[in-house]
Peer 1: 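Got a structure here, written out as structure tokens. Questions coming.
Start at 1 and go down the list; that is how both ligands and their atoms are numbered.
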Amino acid sequence: MIFSSKELISLEEKLGAHNYKPLDVVIERGEGVWVWDVEGNRYLDFLAAYSAVNQGHSHPKILKAMVEQAAKLTLTSRAFRNSVLPLFYEKITSISGFSRVLPMNTGAEAVETAIKLARKWGYYVKGVEREKAKILCFENNFHGRTITVISFSSETQYRDGFAPFTPGFELLPYGDISAVENAIDENVVAVLIEPIQGEGGIIIPPPGFFKQLRELCDKNRILLILDEIQSALGRTGKMFAFEHEGIRPDVLILGKALSGGFYPVSVVLAEDEVMNVFKPGDHGSTYGGNPLGAAIAIKALDVLIEEKMVENAAAMGEYIMNKLNEFSSPLIKEIRGRGLWIGIELKPEAGGARKYCEKLMEEGLLCKETHEHTIRLAPPLIIKKEEIDWALDKIFKVLQ
Ligand SMILES: *Cc1c(COP(=O)(O)O)cnc(C)c1O
């Protein structure tokens, strides 16, 4: 039996928890930058699953690696070793320049892992008094949805009804170096921050902020933890967003595009001094580091590099920005972006970005609003000029 989009939507609404409000497009198939709904209508994907499909939908080489590995071995748990994980370790440490890696599955789990790591390092290496460790975070952040992670969210809805929260976090204004300076005391073990706030509306910190933050962390022996789950792996036109800032973090968190949309794979990367505080039994995950995820992630990284997707993101990002800056619309307040990660912030009188995303969907372009007034543009990194021109036509039409 074949179901229509309408039938599938009503089934989903009837049976599922209502914790999402998706656009009413029921996607059945994807290839590269394009997806097709159940009725066969074609759409250009300008969200790329929040940067999880940077490599494009169903990349054939990643698919092949997945199928081949799935036929051989999928899961051993970490009770035993598997033959693929070390090769993934070799790949991701050499690309990132870190000496050690810890694999998990989802982004939020990797953030939780980094928090555990920072606290244990704080007690065992830095010598912070037990139970006192503090981690500095920033308003408007997004790091995931677990209880601990929402404990330091500034988004009312993310927290409402979910108390009590995990203590040990302090929220500061994003990009405000003197606020960080004032918040530092002997109990601060880490600063946890996104290099660009994606969910926050593509907010880019002031120039020099990260250099100063790096200096403050060095001076006060504080770990700088970068959540690059969405910003890394080419999105900003560099492999890692921290490269734009001329710094390196002490702890780096990756996820999303690490597996090109095929499978949840996340990692925490750090140097020996930090990662070696974890002893057998301290932390783990049944699926974390499984051979299927490892094989997929290896290939997802390979194609990103071999097919020069990072370079393409830089070039195409510049192309979109130039075109957008030539365009004038009474609805637009500001356009911000780095690489293929662009936010078009609309004026409040435009009445919210959602309805423009709905109109764009009718035009065959899939975008998602973020923070109510911002339309986020984040296509797969393999996008070509002609496809961008096609998308911009639709955007200009809808925002006219
Ligand atoms: C998506 C995201 C997360 C959470 O990842 P999940 O896989 O959804 O748990 C955390 N931090 C950032 C910056 C993200 O974009």
Peer 1: Please tell me if the side chains of Glu31 and Trp36 come closer than 4.5 Å, counting only heavy atoms from C-beta onward.
Peer 2: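 Touching, per the 4.5 Å side-chain cut-off.
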Peer 1: If you count the atoms of ligand 1 from 1 in the order shown, which ones are under 4.0 Å from a heavy atom of Ala108?
Peer 2: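 That gives atoms 4 (C), 5 (O), 6 (P), 9 (O) of ligand 1.
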Peer 1: Indicate, as side chain, backbone, both or neither, the part of Tyr50 found under 4.0 angstrom from ligand 1 when only non-hydrogen atoms are considered.
Peer 2: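 Neither part.
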Peer 1: Below 4.0 angstrom from a heavy atom of Asp227, which ligand 1 atoms are there? Numbered from 1 as shown, please.
Peer 2: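 That gives atoms 10 (C), 11 (N), 12 (C), 13 (C) of ligand 1.
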Peer 1: Strictly inside 4.0 angstrom of atom 6 (P) of ligand 1, do you find any protein heavy atom?
Peer 2: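 So far as the 4.0 Å threshold goes, atom 6 (P) of ligand 1 is in reach of a protein heavy atom.
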Peer 1: Given Pro291, which of Leu85, Asn82, Leu87 fulfils the side-chain contact (heavy atoms from CB on, under 4.5 Å) condition?
Peer 2: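 Among Leu85, Asn82, Leu87, the one that satisfies the side-chain contact (heavy atoms from CB on, under 4.5 Å) with Pro291 is Asn82.
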Peer 1: Within the structure, does Gly107 bring an N/O atom to less than 3.5 angstrom of an N/O atom in ligand 1?
Peer 2: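 N/O-N/O distance below 3.5 Å exists for this pair.
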Peer 1: Say whether Leu346 and Ile342 are linked into one hydrophobic cluster, either directly or through other cluster members, by side-chain heavy-atom distances under 4.5 angstrom.
Peer 2: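 Yes, same cluster.
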Peer 1: Can you list everything that forms a side-chain hydrogen bond (donor to acceptor under 3.5 Å, both in side chains) with Asp393? Sequence neighbours excluded, please.
Peer 2: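 side-chain hydrogen bond (donor to acceptor under 3.5 Å, both in side chains) check on Asp393 returns nothing, list empty.
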Peer 1: Can the ring centres of Phe152 and His143 be said to be less than 6.0 Å apart?
Peer 2: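 Yes.
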Peer 1: What part of Lys256, side chain, backbone, both or neither, has a heavy atom within less than 4.0 angstrom of ligand 1?
Peer 2: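 Looking at Lys256 and ligand 1, just side chain atoms fall under 4.0 Å.
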